[in-house]
Every structure is written in C-alpha cells, then in structure tokens.
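Since the model is a prediction, treat every value here as computed from it, not as a measurement.
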Number of protein chains: 2
Amino acid sequence: MPRTLIWKSIADALIADLAAGHYGPGDKLPTEAQLAARFDVNRHTVRRALSHLADAGLVLARRGAGVFVAETPTDYPLGKRVRFHQNLAASGREGEKRILSLITRAADSDEATALKLDQGALVHVCEGLLLADDKPIGLFRSVYPEARLPGLPRFLNADPSVTRALANCGVDDYTRTSTRLTAKSAKAVQARHLNIAEGAPVLRSVSISIDPQNIPVEFGTTWFAGDRVTLVLGDDQRN
Amino acid sequence: MPRTLIWKSIADALIADLAAGHYGPGDKLPTEAQLAARFDVNRHTVRRALSHLADAGLVLARRGAGVFVAETPTDYPLGKRVRFHQNLAASGREGEKRILSLITRAADSDEATALKLDQGALVHVCEGLLLADDKPIGLFRSVYPEARLPGLPRFLNADPSVTRALANCGVDDYTRTSTRLTAKSAKAVQARHLNIAEGAPVLRSVSISIDPQNIPVEFGTTWFAGDRVTLVLGDDQRN
DNA sequence: TTTAGTGATTTGTCTAGTTGTATAGATGCG
DNA sequence: CGCATCTATACAACTAGACAAATCACTAAA
C-alpha cells in the first residue's frame, strides 16, 4: 500500500486551514499555482486535493475566478400566512403506503430531542414507501415514542394507516407542527427505493406531530422524488 | 468532454426569450453589463453568447448604441426548445433581496394564465437574488400585471421591498395562494448565482399572490439553494 | 431654432490571470 | 509487466480590468 498520498496530505492541510478559520466562507483560496508552489508539487496534484474538498462541499471552484470557501447553511422563513391545506399528498392521487420495516430500538440523540425523550428511550421506527399508481414517489421514516404508544407496531402491521393506529393507542387526534422542507441529493439506497438516479434531486420533509396535550407523538422524515412530486400549499388546485 | 458551456446556455436562454416574444424585432436588448449581471457572468461571456446570436442573424449590435433584435420576420430556431430554465422568482415576503433585472414586456401564456390576463398583456418582470447575511440563498423571478400596477418598476427600483412597492401602487395587502414545492437540479446559470455546483439540489417554489379582492397581483418562482435553505412551515394543521 | 459641445453610456478590443480538460511521460511498487 | 501516482505541457473557457470608439441625452451658445 502506498504510504501517505501527497494529494491527501495536501487536502488535509487545506481542511485544517479551513477548520482553523484561516479562510472564511466566501473567501478566495490562493490560486492553484500558488498552492502548487507552496506544497512544491504539480498543479494537478493540488487540483486533486481541491477536487476532494469540492466533493465534500467545502469549497466551490469557478473557472477563471478562483476557488472559494463554500457558504454556510441558512434557514429561510416562509410567510406567516402559509399553511398546509393539502398536506403531503402528491398530485391529488390517492396515496398508497407500503411498510418496509418496523422495529423498536433506542432513540438516537436527534430523535430523542425531537420527541422530547431521554436519550436511550425506546422508539418504534417505521420505514416504508409512498406509492401513487404503483409507482414509488416517496420514502418515509416515522419515529414514535414507545412509552406513549406501546402496542403501535402490531396495529401498524395490521393496518398501515397512521391515524387509525394512533387511535388504537389512545391518541384520538394529533397535529403537525414545524415542518421543515429542503432539497437534497438522493443517496444510493434512497435512489434504489425511489427508482431514480443517485444524486437526483429529492425533497425532504421533516415534521413533528403532537397530540392535543402538546406531547410529541411522531417524528417523521419523508423523501420525495423531486421529479415526481410537487407539494401544494394552499387552496388552489391546478393540475 | 466539456460539460455545459456557460456562454452556450446563456445563448439558449436569450434565444428562448426571443422565441417567447419577450423582445420584438427592432427592440433593444438589455446592455451587456445588465445581461452579465442577470446571468452572473463576465461581460465577455455574454459577448460570446451575443456574438453567437449575431452570427445566426438573430440580433445586430451597434457600438455605442446597443444590441437590437433583427428586423427580419424571423425564422426562430424553435426546433426542440420549449421551456428553458432562465426562470427565477419570489417567494418569501421577508428577507433581503437584490434586483438583477427589471423589465416590462408582454406576458407569455403561462404568465397570462397564472395572473388571469389576456395573452399579450403587459407585465413587469423582476429577477433577483435573495440574500441572508449577504450570501445568496435563492433566486427569484416575479411577474406583476402592468395594468393593475402601472408604476411598480419605479417603486421597486427605489426600494426592493415588494410589500411597500405594492402599497405604493394601491395594494395594501396581499396573500399567497397555491404554493407549489418541488426539488430540482440546479442549472448552470442558477448554480452560478447561488454559488453551488451545477446539478446540486434546488428547492423550487411557485406561487401566486392575490389581493383582498382575489385578483392575482404576483406570479413568482423561487429557486432556493437546497444545501443552504430550509423552509419552515410554522403553524399547526391536521395531518 | 439650430448648432456645437460636453459627459455619460455602450459596444469593441486588448492584455493578463485562473480554472478545466486532454495528452503524454516519469516514477515507484507488487 | 500492470497499475496507480505524480509530473509536464498545452490549450480551452472564463474572469478581471482597462481603454478606445461610437452613440445618445442634455445643455449652452449662436
């Protein structure tokens, strides 16, 4: 096996520079020629390191301009009047749901935070497909607190309707709060399920639902195939 | 194997504009500097695209005066074009924005339908960037009916706030209806504006806003950088 | 009113620098 | 040898900036 690869050590050095805050978001890195001189290597070797950083989303190169540090994420609030009238149903067709897996395990930190549980508390995790006309349009993963909904998996297995399963567990009503939407690139596994190309655009929805006592009962994430689904917010139905 | 050449995609966008009738024979195109700003590109790159159109006999450039659409009754290469990307648009009412271009022209069929106008009616078209902390997070394109909002461009130029500009035109309030969300891949020009990689996931929002009399006053589309933006739908609603 | 002039705007041209891509060769290693 | 890494060179695409030349809008003078 080759000892430390030169381009990799250069990439590490550059990442260290970024981590040290030596270059801030939007800043221009030294030119490839300058970096090549600094590390005393060929420009292509520097390019391989930079390409590694670009793949990781740390930098962005613009031909003729230079290589720039990537911007940091930001939240963007929608107008206050926006509401979900027609929730995450795709293009009006009747949604079908197919459960792929249903297990009970300890919650990770994100799930515990979302459901306001102690870390390590048990949760039911249900993963499955959303179908329209027998075509996969979305992939979902829902997490439910086991303590609040002990018998949920049995009900869900018998009937995939979340509403009825929750009702059987004593949750007569629940409402969605804080839906977050963003665009992502499909991972390999997701792409397989949705029958799309890896890296294709995917609309990710993360939501938390609460019962009338404001206790979280569901932490759900859904990935929609971007080219197959349009979420409609509001009252107008057009196509 | 070069990927999409920027000057070529700009040329295609301009040809699409011509084919859509946004500029008629004899009309003056925006200046090279304005086009450069609109496509976020160097003036030379715009010049290369324009030179391509000039070679094809679609436009004619006059030093000191501008670039004009050729008078020839035109056989536009409508080969397989149809609907290109050069679209941006507005979504949120809050937030900082920077206007890249602001023109008044005849509405195409989609715009006329959305705003319930007769085809050929004049519309104001505003394209620009949404910013957060001086970083671009979204691209917008908003279309307004000229008949309802005659002086809008002047107000928008003085103050990019849509709310205040509409108020100055007599629209005291407006609400959004029928917001459509889907995930797309960033086109070359969009990627440049948003400082993301070509093909990176983008969240597209298409919306129509109406005044209290239910008359459409804005038809907007916004492309959000998927890595940088999360849309937050705050309120509660049934699931 | 007409003319000339002034300054801003716009296209045309030039030089230089930077990243993207392609091809070929050198080097080290199993 | 076969393969991966790195080097070397050349060119294309795009950016950046500066300046010249043509045009236009406006003003002042004849």
| message | Does a side-chain N or O of A/W7 approach OP1 or OP2 of D/dT5 to a distance below 4.0 Å, or not? | response | no

| Between C/dG28 atom P and A/I6 atom CD1, what is the distance in whole Å? | 11 Å

| field | Short side-chain to backbone donor-acceptor contact, A/T113 and A/S109, under 3.5 Å | value | yes

| field | Integer-rounded Å distance: C/dT18 P and A/L50 CG | value | 14 Å

| said: Quick check for you: among D/dC24, D/dT9, C/dT11, whose closest atom lies nearest to any side-chain atom of B/A61? | reply: C/dT11

| message | Run the ring pair (Phe, Tyr, Trp, His ring centres under 6.0 Å) test against B/H124 and tell me which residues pass, sequence neighbours left out. | response | none

| said: Which residues pass the ring pair (Phe, Tyr, Trp, His ring centres under 6.0 Å) test with B/H52, not counting sequence neighbours? | reply: B/W7

| request: Tell me, please, which residues at least two apart from B/R48 pass side chain to side chain donor-acceptor pair (under 3.5 Å). | output: none

| said: Restricting to side chain to side chain contact (heavy atoms under 4.5 Å, CB included), what partner residues turn up for B/P150, sequence neighbours left out? | reply: B/E146

| side chain to side chain donor-acceptor pair (under 3.5 Å) with B/R164: which residues, sequence neighbours excluded? | B/D159

| message | Quick check on DNA chain C: between A/L29 and B/P30, whose nearest nucleotide comes earlier from the 5' end? | response | B/P30

| field | Atom-pair distance (NZ on B/K28; P on D/dA25), nearest Å | value | 10 Å

Could you go through nucleotides 13-17 of chain C and list every protein N or O atom that sits under 3.5 Å from one of its N or O atoms, giving the distance for each pair?
| from | atom 1 | to | atom 2 | distance (Å) |
| --- | --- | --- | --- | --- |
| C/dC14 | N4 | B/H44 | NE2 | 3.1 |
| C/dG17 | N2 | A/G64 | O | 3.4 |

| message | If you assign each of B/R62 and B/R192 to its closest nucleotide in DNA chain D, which residue comes earlier from the 5' end? | response | B/R192

| task | To the nearest Å, give me how far apart CG (B/L5) and C1' (D/dC14) are. | result | 11 Å

